[in-house]
Amino acid sequence: MALKSESEYATDPDSDTRRSLLRHMLVARGIDEEARQLHKQGALDLWPSCQGQEAAQVGSALAVGPAPTVFPSYREHAVALLRGVTPDELFAQWAGRTFCGWDPRRVRFFPYTMVLAAQTLHAVGYSIGQRLQGLEDFVVVYIGDGATSEGDMSEAMNLAAVESAAVLFVCQNNGWAISKPAEEQMRTSLAERARGFGIESARVPGQDPESVYSSCSRAAAHVRGERAPYLVEIQVGRIHGHSTSDAQEVYRTPDDIARTRAADPVPAYASRLSGLGLVDTAWFDAVDKEVRELRERLTKEYA
Ligand SMILES: Cc1ncc(C[n+]2csc(CCOP(=O)(O)OP(=O)(O)O)c2C)c(N)n1
Ligand SMILES: [Mg+2]
């Protein structure tokens with residue numbers, strides 16, 4: 001697949017891109033809500049919700065475009081959908097109906113990895129392999145804050161730095177590794193830690209998909225232009241528990257949960273674009289209809 005030219009890595013999203021950011025966020029929210037519902041009905045075995053992280057996921061995925069191969073963790077449902085994994089393929093995996101769910105070669109989105117941070121080494125190795133074969137590609141790898149405590153992450157950052165591997169590390173720091181708060185796992189930001197390995201980095205708030213888009217566009221241009229790794233740490237909020245099997249009310253205060261819900265990126269971005277006149281009622285009705293029909297079909301298929 002052809003890489004984007006330098007000028008295509010726009011740092012500020014235009015109006016069409018802004019509508020696209022919002023549409024993908026709304027679709028991901030609907031699919032995620034359907035999955036949570038199906039888990040309650042016993043149809044899915046488990047679901048790690050991505051609610052609260054949609055701006056980070058959609059902003060980063062749209063910024064890098066379709067060229068790079070993506071190595072996800074297990075919560076990147078919005079990225080998966082954007083890359084062409086169908087909701088059925090996604091649900092089939094969490095219903096235990098298939099081994100992986102999708103063909104990673106078709107969508108260039110690798111299988112979810114439950115072994116924390118293992119995908120960071122896969123990504124760096126894949127990138128080096130691509131270079132050895134003379135293929136002009138770069139790789140994006142997603143990790144959570146907790147995964148960065150694994151030795152694999154440090155090995156991957158060091159290897160990427162010394163090998164000048166074309167890898168964009170995207171960390172969604174949602175403040176929690178299940179019930180372990182991020183501040184008990186690190187004394188510096190991950191962005192600072194990356195610099196210690198010789199990797200350039202940025203730290204961005206994850207509520208605004210446009211800031212994420214701009215930062216990841218610049219980061220992608222760096223990876224592609226310099227053939228060197230880059231790390232973007234995105235600060236996000238986790239609206240629900242770690243997974244559908246986790247009661248976060250046990251270890252998070254009601255205030256903390258309320259603050260995260262109040263900072264929900266989806267309604268905030270919807271009202272922002274609406275206020276700017278970029279979307280209107282007819283636009284919202286069309287997206288609602290698309291999501292409703294998708295959800296009805298998934299309910300029929302799985303419940
Ligand atoms: C090597 C390894 N150790 C422990 C676990 C158990 N585990 C699953 S998810 C998780 C927390 C991960 O947190 P984070 O990386 O912040 O991702 P998040 O779930 O917040 O998206 C842990 C400890 C695991 N899956 N793999
Ligand atoms: Mg986390």
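All residue numbers refer to positions in the sequence shown, counting from 1. Only this structure's heavy atoms are used, side chains among them; waters, hydrogens and symmetry mates stay out.
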Working for side chain to side chain contact (heavy atoms under 4.5 Å, CB included), residues T299 and E296: CA-CA 5 Å; T299 306; E296 280 166 10; 5.6 Å; no
No-hydrogen, no-angle side-chain donor-acceptor test under 3.5 Å, R218 and T11: no
F284 and L26, any side-chain heavy atoms less than 4.5 Å apart: yes
Side chain to side chain donor-acceptor pair (under 3.5 Å) partners for S49, two or more places apart: D32
With sequence neighbours excluded, residues passing salt bridge (Lys or Arg N to Asp or Glu O under 4.0 Å) with E184: K180
Member of E233, E76, Q235 meeting the side chain to side chain donor-acceptor pair (under 3.5 Å) criterion with Q172: E76
S60 and V232, any side-chain heavy atoms less than 4.5 Å apart: no
From OG (S189) to CG (D145), nearest 0.5 Å: 12.5 Å
T120 and I143: CA distance, side-chain angles, deciding distance, side chain to side chain contact (heavy atoms under 4.5 Å, CB included) verdict: CA-CA 8 Å; T120 58; I143 50 270; 3.4 Å; yes
Positive for side-chain contact (heavy atoms from CB on, under 4.5 Å) with L231, one of L168, L190, V167: L190
Test item: D246 and Y251 side chains (from C-beta on) under 4.5 Å apart, heavy atoms: yes
Any E200 side-chain heavy atom under 4.5 Å of E226 side chain: no
Same apolar cluster: L278 and W283, side chain cutoff 4.5 Å: yes
Sub-4.5 Å side-chain heavy-atom contact between R295 and P87: no
Path from I31 to V85 over hydrophobic side-chain contacts below 4.5 Å: yes
Validation row: R18, R272 side chains within 4.5 angstrom (heavy atoms): yes
Modelled atom types, side-chain donor and acceptor of N174 and Q53, under 3.5 Å: yes
Side-chain donor/acceptor of Q57 to backbone N/O of R75, under 3.5 Å: yes
Test: R19 and D16 ion pair at under 4.0 Å: yes
Pair Q93-W102, side chain to side chain contact (heavy atoms under 4.5 Å, CB included): steps then yes or no: CA-CA 8 Å; Q93 183 179 36; W102 54 88; 3.6 Å; yes
Polar side-chain atom of R108 near backbone of P66 as donor-acceptor pair, under 3.5 Å: yes
Y230 with V162, same ILVMFWY side-chain cluster at under 4.5 Å: no
Passing option when T260 is tested against Q51, R238, Q248, R252 for side-chain contact (heavy atoms from CB on, under 4.5 Å): R252
Side chain to side chain contact (heavy atoms under 4.5 Å, CB included) between F71 and V124, intermediate numbers included: CA-CA 10 Å; F71 287 76; V124 176; over 6 Å; no
Rounded distance (nearest 0.5 Å) linking atom OG of S154 with atom CE of M157: 5.0 Å
Smallest separation among heavy atoms of V139 and S127, with atom names: CG2-CB, 3.9 Å
Sidechain N-carboxylate O distance under 4.0 Å for R36, E33: yes
Whether Q119 side chain and Y142 backbone form a donor-acceptor pair below 3.5 Å: yes
Output field: ring centroids W94/H39 closer than 6.0 Å: no
Identified side-chain contact (heavy atoms from CB on, under 4.5 Å) counterpart of Y74 within the set L116, L46, T113: L116
R97 to Y302 six-membered ring, cation-pi geometry met (6.0 Å, 45°): yes
Closest non-hydrogen atom pair, A177 against G146: CB-CA, 3.7 Å
Separation of L44 CG from Q37 CD (nearest 0.5 Å): 10.5 Å
Whether R193 side chain and T148 backbone form a donor-acceptor pair below 3.5 Å: yes
Modelled atom types, side-chain donor and acceptor of Y269 and E210, under 3.5 Å: yes
Atom pair CG/CG of L21 and L273 - distance to nearest 0.5 Å: 8.0 Å
Nearest non-hydrogen partners of A165 and I128, listed with the distance: CB-CG1, 4.3 Å
Non-hydrogen side-chain atoms of P72 and V79 separated by less than 4.5 Å: no
Gap between atom OH of Y112 and atom OG of S73 - 0.5 Å precision: 9.0 Å
Minimum side-chain heavy-atom gap H77-L90 below 4.5 Å: yes
Non-hydrogen atoms of N173 and A182 that approach each other most closely: OD1-CB, 3.9 Å
Backbone of A268 reached by a side-chain donor or acceptor of S271 within 3.5 Å: yes
Which atom of A56 lies closest to which atom of V212, heavy atoms considered: O-CG1, 3.6 Å
ILVMFWY cluster, V27 and F109 together (side-chain gap under 4.5 Å): yes
Nearest-0.5 Å distance that lies between atom NE2 in H242 and atom OG in S179: 9.5 Å
Over all atoms of both residues, closest heavy-atom pair of A28 and E54: CB-CG, 4.3 Å
Linked, directly or transitively: V170 and F197 (ILVMFWY side chains, under 4.5 Å): no
